[in-house]
Engineer: 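This is the structure I have questions about; it appears just below.
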Amino acid sequence: MAIIASLPGINLFSSLPSTPPPNDPASSSPPTSPPIPIPKYPLPRKRNLKPNPLPSNSALSLPHRRTHYYKPVRKGVVSSDGDRSVLIGENGVSYQLPGAPFEFQFSYSETPKAEPLAIREPAFLPFAPPTMPRPWTGKAPLKKSKKKIPLFDSFNPPPPGKKGVKYVEMPGPLPFGKYPKEGKTREEILGEPLKKWEIKMLVKPLLADNRQVNLGRDGLTHNMLDLIHTHWQRRRVCKVKCKGVPTVDMDNVCHHLEEKTGGKVIHRIGGVVYLFRGRNYNYRTRPQYPLMLWKPAAPVYPKLIQEAPEGLTKDEADELRQKGKSLLPICKLAKNGVYVSLVRDVRDAFEGSPLVKIDCKGMHASDYKKIGAKLKELVPCVLLSFDEEQILMWRGQDWKSMYGETPSTSLPTKVGILSGLEVSAKDHDDNQKTMLSSPKMTSLWKRAIELNKALLLDEINLGPDALLEKVEEFEGFSLATEHSSPAVILSGDEAGSSISTAEFQDDPDGGNYSENDPYGDDYVDNDVFYDSEDAVSSVPLGSLPVDRIAERFRQELR
């Protein structure tokens, strides 16, 4: 390029000609064919839309959870294979096995009380039968470890300092001089009731421990029974942490935990439950249950939302639903939260409004529908809609306030402030306005009146001065009643001593003293200061509280 640039008369950056040269057809040559011919590809084959036929297996032809299988059922046995049967009852679908202590269910605490209408799959047992009626959908069992770890139960713990053995807690705690006993019934295994210091000793190490059983939206499932006994093999107390739907009714969860496992709930805080195995628990003699290999499909239950609920027509229900759209929710439920106070909050909200709405955005539809079904039974209330991920409830026609009837209070509309108001009976009736107090405030008034903390004024038409006198009199009376205590005035005058002794004897609380507590329950040890020697000399010798205490110690030393 440098040589070409050095030649004279050559400009590399010269502009192109303004007009292109004309095309000469005589001088143009025909286009040459490409050196490599263009390949001709065959047309794409049509895909075979028909799937390959699966091997004929009766187990694989059974329906799955998303099937349209629908079979109406009634109470009683649906299918049976000898002593093994599938039942439909008040607890939904349950499974009966020979020799079982109770009927098995997938979930014990979250089964609706309504009777199922139909089932979504053929009735079969979800356990491992001799001939499995459907393919196993679980995980393959783990390979056996080559290490031979010796197993110990609580009755035969490993010796201290032995290596290769997990920690096993001793049975108990047992009173001094007593030993564990083999028990068969629940009362024999639990033993004597735990004392407060024993409960504190058992619960305190587990407060900040994450070794626990997690209880989710399905509640207490069947396989959790074996998991709880596995925790009891090493520890006396099993920590169960509940979240989600079951926390709406924690009493129901604790009831089923005690009934199915045989343990005892010794402590509960929020959604955390501490389950004690019993003083005489033995892991080797525990009840053993077969595990469920898959989750059975839930049966079909009646609809929770009806177009015309109880006590309402369709137009009235639509009107309430329309009003509920502009109603503010009382709370917002978080996903997998703890809803221990939800029932109480809904009952308090019904005191002020016939409609209550709860915001459930972000939750699964099955979760807030289960919460609505629980609130319908526990509050109770009438469910109106689940639209826009919100629960809308109506308190119903049979609703009764928790605080009883709300009496009306008559108050004057205008009251003179600068001068006394003297209103005649006629003017009082004209200017009278009836005001309804809240039920909660009415209950507080009643309680204050019963405890002599309030005074009910029948004469409302009082002026400011007269009303102020009444208030001052009552305030002085209430303070004297609250802070006064019986006292004995000891002086040299016989008349004064006789009067004070008579007042002391007439006092009903004057004789509530015992040898162990000579000064009564209301005694307060206050320091008394005397400004003059006459005041000290006026008190007879041996009448001070210190003298009584010293005299009691002398008698004990003798």
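By convention here, the first residue in the shown sequence is residue 1.
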Engineer: Tell me, which pairs form a ring pair (Phe, Tyr, Trp, His ring centres under 6.0 Å) where one or both residues lie in residues 246-276, sequence neighbours left out?
Structural biologist: His267-Tyr274
Engineer: Quick one, Lys200 and Trp197 - any side-chain contact, counting heavy atoms below 4.5 Å?
Structural biologist: no
Engineer: Might you work through the side chain to side chain contact (heavy atoms under 4.5 Å, CB included) test for Ile371 and Leu342, ending with a clear yes or no?
Structural biologist: CA-CA 10 Å; Ile371 291 175; Leu342 184 61; 3.8 Å; yes
Engineer: Under the criterion side chain to side chain contact (heavy atoms under 4.5 Å, CB included), I'd like the reasoning laid out for Asp251 against Arg268: C-alpha separation, chi angles, the key distance, then a yes or no.
Structural biologist: CA-CA 10 Å; Asp251 294 336; Arg268 187 179 88 186; 3.0 Å; yes
Engineer: Is there side-chain contact between Glu258 and Val265, with at least one heavy-atom pair below 4.5 Å?
Structural biologist: yes
Engineer: Grab the two heavy atoms, one from Pro296 and one from Glu121, that are nearest each other, plus how far apart they are.
Structural biologist: CA-OE2, 3.6 Å
Engineer: Work out which heavy atom in Tyr339 is nearest to a heavy atom in Met363; give both atom names and the distance.
Structural biologist: OH-CE, 3.7 Å
Engineer: Mind running salt bridge (charged side-chain N to carboxylate O under 4.0 Å, His left out) on Glu110 and Lys374 for me, showing each step along the way?
Structural biologist: CA-CA 9 Å; Glu110 301 307 308; Lys374 283 180 173 289; 3.4 Å; yes
Engineer: Would you say OH of Tyr70 has more than 12 non-hydrogen atoms from neighbouring residues, nucleotides or ligands within 6.0 angstrom?
Structural biologist: yes
Engineer: Kindly write out the residues that satisfy ring-ring contact (aromatic ring centres under 6.0 Å, His included) with His222, not counting sequence neighbours, or none if the list is empty.
Structural biologist: Phe104, Phe127
Engineer: Step by step, work out the side chain to side chain contact (heavy atoms under 4.5 Å, CB included) result for Ile228 and Lys260.
Structural biologist: CA-CA 11 Å; Ile228 290 173; Lys260 304 304 179 185; over 6 Å; no
Engineer: Considering only distance and modelled atom types, tabulate donor-acceptor pairs under 3.5 Å from the side chains of residues 375-395, sequence neighbours left out.
Structural biologist:
{"from": "Glu389", "atom 1": "OE1", "to": "Gly362", "atom 2": "N", "distance (Å)": "3.2"}
{"from": "Gln390", "atom 1": "OE1", "to": "Lys357", "atom 2": "NZ", "distance (Å)": "3.4"}
{"from": "Arg395", "atom 1": "NH1", "to": "Phe350", "atom 2": "O", "distance (Å)": "2.7"}

Engineer: Would you say Asp209 has more than 12 foreign heavy atoms packed within less than 6.0 Å of its CG?
Structural biologist: yes
Engineer: Could you grab the distance from atom CG of Asp226 to atom OG1 of Thr221, nearest 0.5 Å is fine?
Structural biologist: 11.0 Å
Engineer: Thr247: which residues meet the side chain to side chain donor-acceptor pair (under 3.5 Å) condition with it, sequence neighbours left out?
Structural biologist: none
Engineer: Do the non-hydrogen side-chain atoms of Leu220 and Pro246 ever get within less than 4.5 Å of each other?
Structural biologist: no
Engineer: Taking Val253's backbone N and O only, do any of them form a donor-acceptor pair with Tyr108's side chain (distance below 3.5 Å, no angle check)?
Structural biologist: no
Engineer: If you measure from CD1 on Ile330 to OG on Ser353, what distance do you get to the nearest 0.5 Å?
Structural biologist: 10.0 Å
Engineer: Rounded to the nearest 0.5 Å, how far does NZ of Lys361 lie from NZ of Lys332?
Structural biologist: 8.0 Å
Engineer: Distance from Asn223 atom CG to Tyr289 atom OH, nearest 0.5 Å?
Structural biologist: 12.5 Å
Engineer: Measure across Gly262 and Leu190 and return the closest heavy-atom pair with its distance rounded to 0.1 Å.
Structural biologist: O-CD2, 3.9 Å
Engineer: Kindly indicate whether the side chain of Arg277, heavy atoms from C-beta on, has any atom under 4.5 Å from the side chain of Tyr283.
Structural biologist: no
Engineer: Quick check: do Asn280 and Glu188 have side-chain heavy atoms less than 4.5 Å from each other?
Structural biologist: no
Engineer: Which atom names give the shortest non-hydrogen contact between Pro205 and Met201, and what distance separates them?
Structural biologist: CD-O, 3.2 Å
Engineer: Does the pair Asp345 and Ile358 meet the rule for a side chain to side chain contact (heavy atoms under 4.5 Å, CB included), with working shown?
Structural biologist: CA-CA 10 Å; Asp345 294 343; Ile358 301 174; over 6 Å; no
Engineer: Is the count of non-hydrogen atoms from other residues, nucleotides or ligands lying under 6.0 Å from Met170 atom CE greater than 12?
Structural biologist: no
Engineer: Using the side chain to side chain donor-acceptor pair (under 3.5 Å) criterion, which residues pair with Glu169? Sequence neighbours excluded.
Structural biologist: none
Engineer: Donor-acceptor pairs under 3.5 Å, side chain of residues 87-103 to any protein atom, not counting sequence neighbours: which ones?
Structural biologist:
{"from": "Ser94", "atom 1": "OG", "to": "Glu103", "atom 2": "OE1", "distance (Å)": "3.0"}
{"from": "Gln96", "atom 1": "OE1", "to": "Ser85", "atom 2": "OG", "distance (Å)": "3.4"}

Engineer: With rounding to the nearest 0.5 Å, note down the distance linking CG in Leu257 to SG in Cys238.
Structural biologist: 8.5 Å
Engineer: Quick check: closest heavy atoms across Glu198 and Pro193, and the distance to 0.1 Å?
Structural biologist: OE1-O, 4.4 Å
Engineer: Any side-chain heavy atom of Arg279 sitting closer than 4.5 Å to one from Leu194?
Structural biologist: yes
Engineer: Within this structure, what is the CG-CD1 distance for the pair Asn282 and Ile189, rounded to the nearest 0.5 Å?
Structural biologist: 9.0 Å
Engineer: Would you call His231 and Leu275 a side-chain contact if the rule is heavy atoms closer than 4.5 Å?
Structural biologist: no
Engineer: Which atoms form the tightest heavy-atom contact between Val73 and Pro116, and what is the distance?
Structural biologist: CG2-O, 4.2 Å
Engineer: Side chains of Val272 and Gln212, heavy atoms from C-beta outward: is any pair under 4.5 Å?
Structural biologist: no
